Amino acid sequence: MSRLPVISSKRVLAPSSSENLLDMAPLQKRMRREQEPHKPQAATTIVGYKRPAAAAAARAPPYRPIRGAGAATVAAGPSRGFVRPVAASTAPKAGSSKQPAGAKPGVTGATRRKPWDLKGKVNDMEGKIRNYQTKYRSVNEENEALKDSVAQNQTKVSELEQEVKGQKRKISEYEAQLQMLSGVQNQLEETRREKNVLQKELSNLEQKYKVMETLRDSQETELQTLKMKLSVQESTMTRLQATLRDREEEISSLKETVAEQRDELHAGEMERRRLHNTIQELKGNIRVFCRVRPLEDGGLSKHIQLAASDNKSILLAKTEESHTGKTAEMQKNYHFSFDRVFGPLASQQEIFDEISLLVQSALDGYNVCCFAYGQTGSGKTYTMEGEEVDDMRGVIPRAVQQIFRAGEKLSSQGWEFSFTVSVVEIYNETLRDLLYSGKASKRPDHEIRKTASNDVTVTNLTYQKVSTEDEVLGLIALAKQNRSTAQTALNDRSSRSHSVFQLQIEGVNAGRDIKCKSTLCLVDLAGSERMVKSQSQGERFKEMTFINSSLSNLGIVITSLANKESHIPYRNSKLTYLLQNCLGGNSKTLMFVNISPELNSFGETLNSLRFASKVNDCVIGTASSNKK
Ligand SMILES: Nc1ncnc2c1ncn2[C@@H]1O[C@H](COP(=O)(O)OP(=O)(O)OP(=O)(O)O)[C@@H](O)[C@H]1O
């Protein structure tokens with residue numbers, strides 16, 4: 001700001017100089033005009049010519065520049081400017097060729113010489129000439145001086161013009177600088193504001209810095225402590241690394257041991273299977289368990305007695321009048337022995353514990369079949385399916401649970417299992433798919449077929465692949481819903497059909513290149529009953545006929561097997577045909593004979609026990625594992 005341009009005093013002078021210059025122009029003009037009349041003129045012209053006074057006076061302006069004035073006017077002596085004429089008659093135009101007639105040239109009127117005084121007149125003229133010459137010289141000098149002055153002034157003017165240009169340039173430069181400086185000033189203001197903000201920030205940061213310093217001090221202290229700890233840890237780590245190396249060596253040796261033990265385990269597993277099978281064989285490939293249902297109010301009726309010493313025999317006693325009627329009442333006892341007899345208080349768990357080894361055999365690759373036989377309402381469905389409540393779950397859900405859990409355990413030994421479920425019912429000698437979920441009108445027909453590998457299959461039957469226990473339980477629930485039930489005089493929800501649940505198990509141990517395949521077959525047979533007692537009529541009678549026929553055919557097949565007959569009449573009924581692989585040589589079979597404790601069921605109970613006893617006496621060929 002302090003550097004604003006200072007305007008020179010010369011700038012003020014410049015216009016006045018040019019004005020002077022302009023003023024000079026008319027002056028020079030005047031001087032030229034004055035010089036022109038002073039050309040030397042012939043004396044004759046001056047002497048011999050006179051202008052008429054009146055005419056001259058009429059045309060002459062009141063003031064006019066001196067141009068070739070008469071001798072009298074020159075004598076008056078004004079060298080420059082305007083000269084007032086002495087008299088109108090004394091202003092003739094010198095040298096003019098158009099003088100009016102009668103004018104006397106060379107007469108001024110001041111001092112009039114005699115016409116004859118030519119010498120005097122010449123002297124006057126010479127005097128005038130001298131005056132003019134002197135004047136001319138002085139005017140010349142003055143003119144020269146003025147020229148010099150003009151030239152000087154022009155130089156000055158051009159210098160001043162240059163200077164003005166330079167000043168203008170400077171001014172525009174200064175103006176540009178000024179603009180720039182005003183921008184700089186704005187920036188400066190902005191910078192000042194920023195500076196204030198930054199100063200505030202700085203003070204904040206300084207405060208923070210102080211806090212950080214305090215923190216740093218405390219952290220340094222902490223760091224020192226940590227360094228000490230670290231050195232301790234490092235020494236511990238070195239020690240641990242050494243230990244780790246030892247452990248790694250131990251682990252690798254343990255891994256080797258584990259591999260060896262796995263082999264041993266596998267060998268053990270194989271041995272277990274063999275021994276397990278031996279035990280099962282010793283127990284008999286077909287076993288019979290008897291289960292007595294409790295009375296409705298609990299307990300056991302008097303005519304059924306279970307031996308306290310063992311859990312294998314059952315006594316059925318009946319008091320009869322003597323035939324003659326004279327003697328006292330006779331008691332007739334019927335003794336039966338089975339692999340196990342379960343009283344009315346036996347829990348579902350106890351029952352399953354006895355057959356769980358058999359279920360294990362199914363995972364080992366043996367066909368296993370378990371079926372419940374007995375009169376209507378004796379507890380077959382309760383034994384096989386049970387109730388929803390955990391404690392009351394029957395053989396089927398418990399067996400499924402065991403299979404899946406054992407399968408998972410065996411997976412650690414390299415076994416992978418796949419499972420397929422099917423549930424079929426035989427109602428009036430017709431097969432029905434209990435897993436069918438389509439329209440009833442489109443229910444397909446089914447036939448039992450034997451494959452080339454001697455497997456029994458049912459055409460159009462749902463064979464559902466499953467991988468979890470829950471999936472199987474869902475299918476069991478569906479089958480239960482579908483099962484034909486009808487009301488009879490003996491049982492509210494009497495199962496009028498044989499229900500066959502089959503779980504096909506396929507195991508692969510890829511590491512050891514072993515495969516096994518088996519079927520766990522769990523059957524809830526339809527209730528056996530005598531026609532008179534059940535008062536069956538019509539449709540119920542037809543159902544009963546089919547049921548009894550298939551059950552008696554089951555008995556015939558079992559007896560034929562026991563007698564090692566060459567022909568086993570499996571095809572006599574759908575039930576025996578479907579179960580032939582489970583009943584025949586290559587299987588482990590368990591039969592539950594369920595009996596009702598009511599006295600009025602005595603006859604049925606006796607029949608059932610006799611049938612079961614016959615089965616129990618059978619020795620079915622040794623089962624072999626389906627291993628490849
Ligand atoms: N061991 C038992 N303990 C308690 N209740 C039982 C037992 N066995 C059977 N029951 C009950 O007796 C009734 C008949 O049993 P269940 O339906 O199992 O007979 P069932 O032999 O299957 O008859 P059906 O041949 O007509 O189907 C059911 O209410 C069942 O709960």
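Remember, predicted model here, so these are calculated numbers, not experimental data.
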* Asked: Is any side-chain heavy atom of Gln504 closer than 4.5 Å to a side-chain heavy atom of Tyr463?
  -> yes
* Asked: Going through the distances and angles, do Asn311 and Val341 end up as a side-chain contact (heavy atoms from CB on, under 4.5 Å)?
  -> CA-CA 5 Å; Asn311 47 23; Val341 175; 5.5 Å; no
* To do: Quick one: pull up CZ in Phe417 and CG in Leu363 and give me the separation to the nearest 0.5 Å.
  => 5.0 Å
* Structure fact -> dist Ile426:CD1 -> His446:NE2 (nearest 0.5 Å) comes out at 11.5 Å
* Structure fact -> Here the gap from Asn482 atom CG to Leu435 atom CG, rounded to the nearest 0.5 Å, amounts to 8.0 Å
* Asked: In terms of side-chain geometry, is the basic nitrogen of Glu189 or Arg192 positioned less than 4.0 Å from the acidic oxygen of its partner?
  -> yes
* Asked: Under the side chain to side chain donor-acceptor pair (under 3.5 Å) criterion, do Asn454 and Lys450 qualify, and how do the steps go?
  -> CA-CA 6 Å; Asn454 224 23; Lys450 277 194 96 174; 2.9 Å; yes
* **Over all atoms of both residues, closest heavy-atom pair of Leu578 and Val456** => O-CG1, 3.9 Å
* Test Thr383 against Asn594 for side chain to side chain donor-acceptor pair (under 3.5 Å), laying out the working first. => CA-CA 8 Å; Thr383 300; Asn594 291 87; 3.0 Å; yes
* **Asn509 versus Gln413, closest heavy-atom pair with distance** => ND2-O, 3.2 Å
* To do: With sequence neighbours left out, write down each residue that passes ring pair (Phe, Tyr, Trp, His ring centres under 6.0 Å) with Tyr436, or none if nothing qualifies.
  => none
* Do Val197 and Glu201 have side-chain heavy atoms sitting under 4.5 Å apart? -> yes
* Hey, could you give me the NZ/CD distance between Lys147 and Glu144, rounded to the nearest 0.5 Å? => 5.0 Å
* Structure fact -> On a heavy-atom basis, the closest approach of Met384 and Ala372 is CG-CB, 3.7 Å
* Return each pair, listed once, that meets side-chain hydrogen bond (donor to acceptor under 3.5 Å, both in side chains) where at least one residue sits in residues 228-257; pairs must be two or more places apart or across chains. => Arg247-Glu250
* To do: For Arg405, check salt bridge (Lys or Arg N to Asp or Glu O under 4.0 Å) against everything at least two apart and list the hits.
  => none
* For Gly379 and Arg293, which heavy atoms make the closest approach, and how far apart are they? -> N-CD, 4.3 Å
* To do: Name all residues meeting the salt bridge (Lys or Arg N to Asp or Glu O under 4.0 Å) criterion together with Glu296; count only those two or more places apart in sequence or in a different chain, and write none if there are none.
  => none
Can you give each donor-acceptor pair under 3.5 Å made by side-chain atoms of residues 343-353, sequence neighbours left out, with the distance rounded to 0.1 Å?
residue: Ser347; atom: OG; partner: Gln349; partner atom: N; Å: 3.4
residue: Ser347; atom: OG; partner: Glu350; partner atom: N; Å: 3.2
residue: Gln348; atom: OE1; partner: Arg291; partner atom: NH1; Å: 2.9
residue: Gln348; atom: OE1; partner: Arg291; partner atom: NH2; Å: 3.2
residue: Gln348; atom: NE2; partner: Tyr382; partner atom: O; Å: 2.9
residue: Gln348; atom: NE2; partner: Met392; partner atom: O; Å: 3.0
residue: Gln349; atom: OE1; partner: Arg398; partner atom: NH1; Å: 2.4
residue: Gln349; atom: NE2; partner: Asp353; partner atom: OD1; Å: 2.8
residue: Glu350; atom: OE2; partner: Ser347; partner atom: N; Å: 3.4

* Asked: Are the side chain of Asp524 and the backbone of Ser499 linked by a donor-acceptor contact shorter than 3.5 Å?
  -> no
* To do: Would you indicate whether the side-chain heavy atoms of Phe501 and Val472 approach each other to under 4.5 Å?
  => yes
* Looking only at heavy atoms, what is the nearest atom pair of Gly365 and Cys516, with distance? -> CA-CB, 4.1 Å
* Asked: Mind checking whether Val466 and Phe404 have side chains closer than 4.5 Å, heavy atoms only?
  -> yes
* Asked: Taking the side chain from Tyr366 and the backbone from Leu358, do they hold a donor-acceptor pair closer than 3.5 Å?
  -> no
* Residue list, salt bridge (Lys or Arg N to Asp or Glu O under 4.0 Å) with Arg169, at least two apart or on another chain -> none
* Which atom pair, heavy atoms only, marks the closest approach of Leu575 to Leu525? -> CD2-CD2, 3.5 Å
* State whether the number of non-hydrogen atoms from other residues, nucleotides or ligands found under 6.0 Å of Asn196 atom CG is greater than 12. => yes
* Can any side-chain N or O of Gln402 pair as donor or acceptor with the backbone N or O of Ser356 at less than 3.5 Å? -> yes
* Asked: So, do Cys521 and Leu579 sit near enough that their side-chain heavy atoms are less than 4.5 Å apart?
  -> yes
* Structure fact -> With sequence neighbours left out, the residues meeting salt bridge (Lys or Arg N to Asp or Glu O under 4.0 Å) with Asp310 are none
* **Thr459: partners by side-chain hydrogen bond (donor to acceptor under 3.5 Å, both in side chains), with sequence neighbours left out** => none
* List in chain and number order the residues that pass side chain to side chain contact (heavy atoms under 4.5 Å, CB included) with Lys195, two or more places apart in sequence or in another chain; answer none if no residue qualifies. => Gln199
* Asked: Side chain of Thr589, backbone of Cys369: donor and acceptor closer than 3.5 Å?
  -> no
* Which pairs pass side-chain hydrogen bond (donor to acceptor under 3.5 Å, both in side chains) with one or both residues in residues 208-228, sequence neighbours excluded? -> Tyr209-Glu213
* Structure fact -> Contacts of Phe289 meeting ring pair (Phe, Tyr, Trp, His ring centres under 6.0 Å) (sequence neighbours excluded), chain-then-number -> Phe342, Phe592
* Mind checking the CG-CZ spacing from Asp445 to Arg443? Nearest 0.5 Å is all I need. => 10.5 Å
* Under the side-chain contact (heavy atoms from CB on, under 4.5 Å) rule, what do Val368 and Val359 come out as? Steps first, then yes or no, please. => CA-CA 7 Å; Val368 173; Val359 172; 5.7 Å; no
* Is a side-chain N or O of Ser149 found less than 3.5 angstrom from the main chain of Ala145, in a donor-acceptor match? -> no
* Structure fact -> When rounded to the nearest 0.5 Å, the distance separating CD1 of Ile396 from CD of Glu385 is 5.0 Å
* Donor-acceptor contact present, side-chain Asp433 to main-chain Leu461, <3.5 Å -> no
* Structure fact -> Sequence neighbours excluded, the answer for side-chain hydrogen bond (donor to acceptor under 3.5 Å, both in side chains) partners of Ser453 is Thr451, Asp455
